[in-house]
Chemist: 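Please read through the structure below; I'll follow up with questions.
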Amino acid sequence: MEPTKKDVRVIGEKIYLRPITLEDTDLVVKWRNNEKVVQNFIYRKPISREEHICWMEQKVATGRVIQFIICDLQTDKPLGVVYIQNIEEEHSKAEEGIFLGEEEAFGRGIGTEAARLMVRYAFEILGLHKLSARVLAYNMASRRMHEGAGYEQEAYFKQELYLDGKYEDLIFYGIIHN
Ligand SMILES: CC(C)(COP(=O)(O)OP(=O)(O)OC[C@H]1O[C@@H](n2cnc3c(N)ncnc32)[C@H](O)[C@@H]1OP(=O)(O)O)[C@@H](O)C(=O)NCCC(=O)NCCS
């Protein structure tokens, strides 16, 4: 079978991105349910194995979501996940999501590099015009990471979401392919 755009590996300096497979299921479910990730996501309910497999079948396999595993370039160790969802071909745009899973991965510039690689892939390989990201205002790591990857703040929504008994501010970030 001819390789498709979804099969491409994106190589960086410390990491590379490879397409997610069903074999990554246990790891990704564990990472996504880690408190550090849950507290920074809008959807907070635990994700089951079955739900993830359903996501893989209905979204990833159909191309509605393009999802990569972030891997260490030296050791191949999987470290986290980056993806685009809500792909709108008509408007040539999509929404980015990202989370690291392995404790050792946090705070070493891996997130920023993965976000940059995703932007490169979306613009240069997929030919998209715009990526956006929704970030809870208190998530400074994600704000700094998106800014470091070239995203700009486009909107700040005060008390936009009611999460765990509190109203939270939400920031929309965007990056445009010039
Ligand atoms: C967001 C996330 C992917 C960032 O990845 P990372 O590799 O830890 O981030 P980096 O090391 O690239 O750091 C990016 C910036 O954030 C800063 N930063 C990192 N961790 C931070 C923290 N806990 N608090 C405040 N700032 C932090 C870094 O200093 C860096 O800032 P700089 O560019 O000004 O130097 C990671 O923290 C994560 O997976 N968080 C949980 C899930 C999540 O929040 N996903 C995004 C939802 S919108």
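Read the numbers this way: they start at 1 and go in the same order the structure lists the ligands and their atoms.
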Chemist: Considering the heavy atoms of Met140, write down every atom of ligand 1 situated less than 4.0 Å from one of them.
Modeler: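 Taking each heavy atom of Met140 in turn, ligand 1 has 25 (C) under 4.0 Å.
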
Chemist: Which atoms from ligand 1 have a heavy atom of Phe41 less than 4.0 Å away?
Modeler: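 So the answer, numbered in order with elements, is 45 (N), 47 (C).
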
Chemist: Is any side-chain heavy atom of Asn40 closer than 4.5 Å to a side-chain heavy atom of Phe99?
Modeler: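 No; the side chains remain at least 4.5 Å from each other.
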
Chemist: Looking only at distances, please establish whether an N/O atom of ligand 1 is found under 3.5 Å from an N/O atom of Arg144.
Modeler: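 Arg144 vs ligand 1: N/O contact under 3.5 Å present.
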
Chemist: Mind checking whether Gly107 has an N or O less than 3.5 Å away from an N or O of ligand 1?
Modeler: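 Between Gly107 and ligand 1, an N or O pair is found under 3.5 Å apart.
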
Chemist: Below 3.5 angstrom, do we get any N/O pair linking Gly111 and ligand 1?
Modeler: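 It does: an N or O of Gly111 is found under 3.5 Å from an N or O of ligand 1.
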
Chemist: After noting the C-alpha distance and the side-chain angles of Lys45 and Glu51, does the key distance pass the salt bridge (charged side-chain N to carboxylate O under 4.0 Å, His left out) rule?
Modeler: CA-CA 11 Å; Lys45 296 202 182 91; Glu51 280 171 308; over 6 Å; no

Chemist: Distance to 0.1 Å, residue and atom name: give those for the protein heavy atom nearest to atom 42 (C) of ligand 1.
Modeler: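 Protein heavy atom at minimum distance: Phe99 CB, 3.8 Å.
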
Chemist: Which residue and non-hydrogen atom of the protein lie closest to atom 38 (C) of ligand 1, and at what distance in Å?
Modeler: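 So the nearest neighbour among protein heavy atoms is Phe106 CE2, 3.4 Å.
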
Chemist: What residue and heavy atom of the protein are closest to atom 23 (N) of ligand 1, and at what distance?
Modeler: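 Minimum-distance protein heavy atom for atom 23 (N) of ligand 1 reads Ala141 CB, 4.3 Å.
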
Chemist: With heavy atoms under 4.0 Å as the rule, classify the contact between Glu147 and ligand 1 as side chain, backbone, both or neither.
Modeler: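 Answer for Glu147: neither.
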
Chemist: Would you indicate whether the side-chain heavy atoms of Thr112 and Met145 approach each other to under 4.5 Å?
Modeler: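 Yes, at least one pair of side-chain atoms sits under 4.5 Å.
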
Chemist: Out of Val135, Asn40, Leu170, whose heavy atom is nearest to atom 47 (C) of ligand 1?
Modeler: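 Looking at heavy atoms only, the winner is Asn40.
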
Chemist: For atom 2 (C) of ligand 1, what is the closest protein heavy atom, and at what distance to 0.1 Å?
Modeler: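 Of the protein heavy atoms, Met145 SD, 4.0 Å lies nearest.
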
Chemist: Below 4.0 angstrom, counting only protein heavy atoms, does anything approach atom 12 (O) of ligand 1?
Modeler: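 Within 4.0 Å of atom 12 (O) of ligand 1, protein heavy atoms are found.
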
Chemist: Give a yes or no answer on whether the side chain of Asn34 reaches the backbone of Lys30 with a donor-acceptor pair at less than 3.5 Å.
Modeler: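 Looks like no, no N/O pair under 3.5 Å.
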
Chemist: Below 4.0 Å from any atom of ligand 1, is there a heavy atom belonging to Ala133?
Modeler: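 In this structure, Ala133 fails to qualify as a contact of ligand 1 - no heavy atom is under 4.0 Å.
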
Chemist: Considering non-hydrogen atoms only, spot the tightest contact between Ala114 and Ile98 and give its length.
Modeler: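 Nearest pair, atom of Ala114 first, then Ile98: CB-CD1, 3.9 Å.
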
Chemist: Report the member of Arg32, Glu35, Glu102, Lys36 with the shortest heavy-atom distance to atom 41 (C) of ligand 1.
Modeler: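 Among Arg32, Glu35, Glu102, Lys36, the closest heavy atom to atom 41 (C) of ligand 1 belongs to Lys36.
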
Chemist: Give yes if a backbone or side-chain nitrogen or oxygen of Ser142 is under 3.5 Å from a nitrogen or oxygen of ligand 1, and no if not.
Modeler: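 N/O-N/O distance under 3.5 Å: no.
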
Chemist: Does Arg32 make a cation-pi contact with Phe41 (under 6.0 Å, within 45 degrees of the axis)?
Modeler: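 Verdict for Phe41: a cation-pi partner in Arg32.
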
Chemist: Say whether, by atom type as modelled, one donor and one acceptor occur between the side chain of Ser92 and the main chain of Glu89 under 3.5 angstrom.
Modeler: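 Pair absent, no side-chain N/O of Ser92 close to backbone of Glu89.
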
Chemist: Just to confirm, does any protein heavy atom lie below 4.0 Å from atom 29 (O) of ligand 1?
Modeler: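 There is no protein heavy atom less than 4.0 Å from atom 29 (O) of ligand 1.
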
Chemist: Going by the order shown, which atoms of ligand 1 are within less than 4.0 Å of some heavy atom of Thr112?
Modeler: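 Counting atoms of ligand 1 from 1, those under 4.0 Å from Thr112 are 10 (P), 12 (O), 13 (O), 14 (C).
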
Chemist: With heavy-atom distances below 4.5 Å as the criterion, would you say the side chains of Glu103 and Lys36 are in contact?
Modeler: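 With C-beta onward as the side chain, the pair touches.
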
Chemist: Compute the shortest N/O to N/O distance between Leu100 and ligand 1 and return yes if it is under 3.5 Å, no if not.
Modeler: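 Checking ligand 1 against Leu100, an N or O pair does fall under 3.5 Å apart.
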
Chemist: Between the main-chain N or O of Lys14 and the side-chain N or O of Glu113, is there a donor-acceptor pair closer than 3.5 Å?
Modeler: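 Side chain of Glu113 to backbone of Lys14: a pair is present.
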
Chemist: What heavy-atom pair brings Leu27 and Glu102 nearest, and what distance separates the two atoms?
Modeler: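 Here Leu27 and Glu102 meet closest at CD1-OE2, 4.0 Å.
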
Chemist: Hey, is ligand 1 close enough to Gly109 that some N/O pair sits below 3.5 Å?
Modeler: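 Yes; the residue has a nitrogen or oxygen that sits under 3.5 Å from a nitrogen or oxygen of the ligand.
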
Chemist: Could you tell me whether Glu160 and Arg134 make a salt bridge, using a distance below 4.0 angstrom between a side-chain N and a carboxylate O?
Modeler: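 So Glu160 does not pair with Arg134 through a salt bridge.
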
Chemist: Check the angle between the aromatic planes of Phe123 and His177 and answer parallel, tilted or perpendicular using the 30° and 60° thresholds.
Modeler: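 Judged by the thresholds at 30° and 60°, the geometry between Phe123 and His177 is parallel.
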
Chemist: Is the shortest distance from a heavy atom of Glu113 to ligand 1 less than 4.0 Å?
Modeler: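 No.
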
Chemist: Taking both backbone and side-chain atoms of Ile98, is any N or O found less than 3.5 Å from an N or O belonging to ligand 1?
Modeler: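 Checking ligand 1 against Ile98, an N or O pair does fall under 3.5 Å apart.
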
Chemist: Taking only heavy atoms of Arg134 into account, list the atoms of ligand 1 that are under 4.0 Å away from them.
Modeler: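 Contacts of ligand 1 toward Arg134, numbered from 1: 48 (S).
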
Chemist: Would Glu147 and Arg144 pass as an ion pair if we require N to O under 4.0 Å?
Modeler: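 Salt bridge flag = yes for Arg144 with Glu147.
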
Chemist: Taking all atoms of both residues into account, what is the closest heavy-atom pair of Gln153 and Tyr173, and its distance?
Modeler: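 Distance-wise, the nearest heavy atoms are N-CD2, 3.6 Å.
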
Chemist: Which residue holds the protein heavy atom closest to atom 44 (O) of ligand 1, what is that atom called, and what is the gap in Å?
Modeler: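 Checked against all protein heavy atoms, atom 44 (O) of ligand 1 sits closest to Asn139 ND2, 2.8 Å.
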
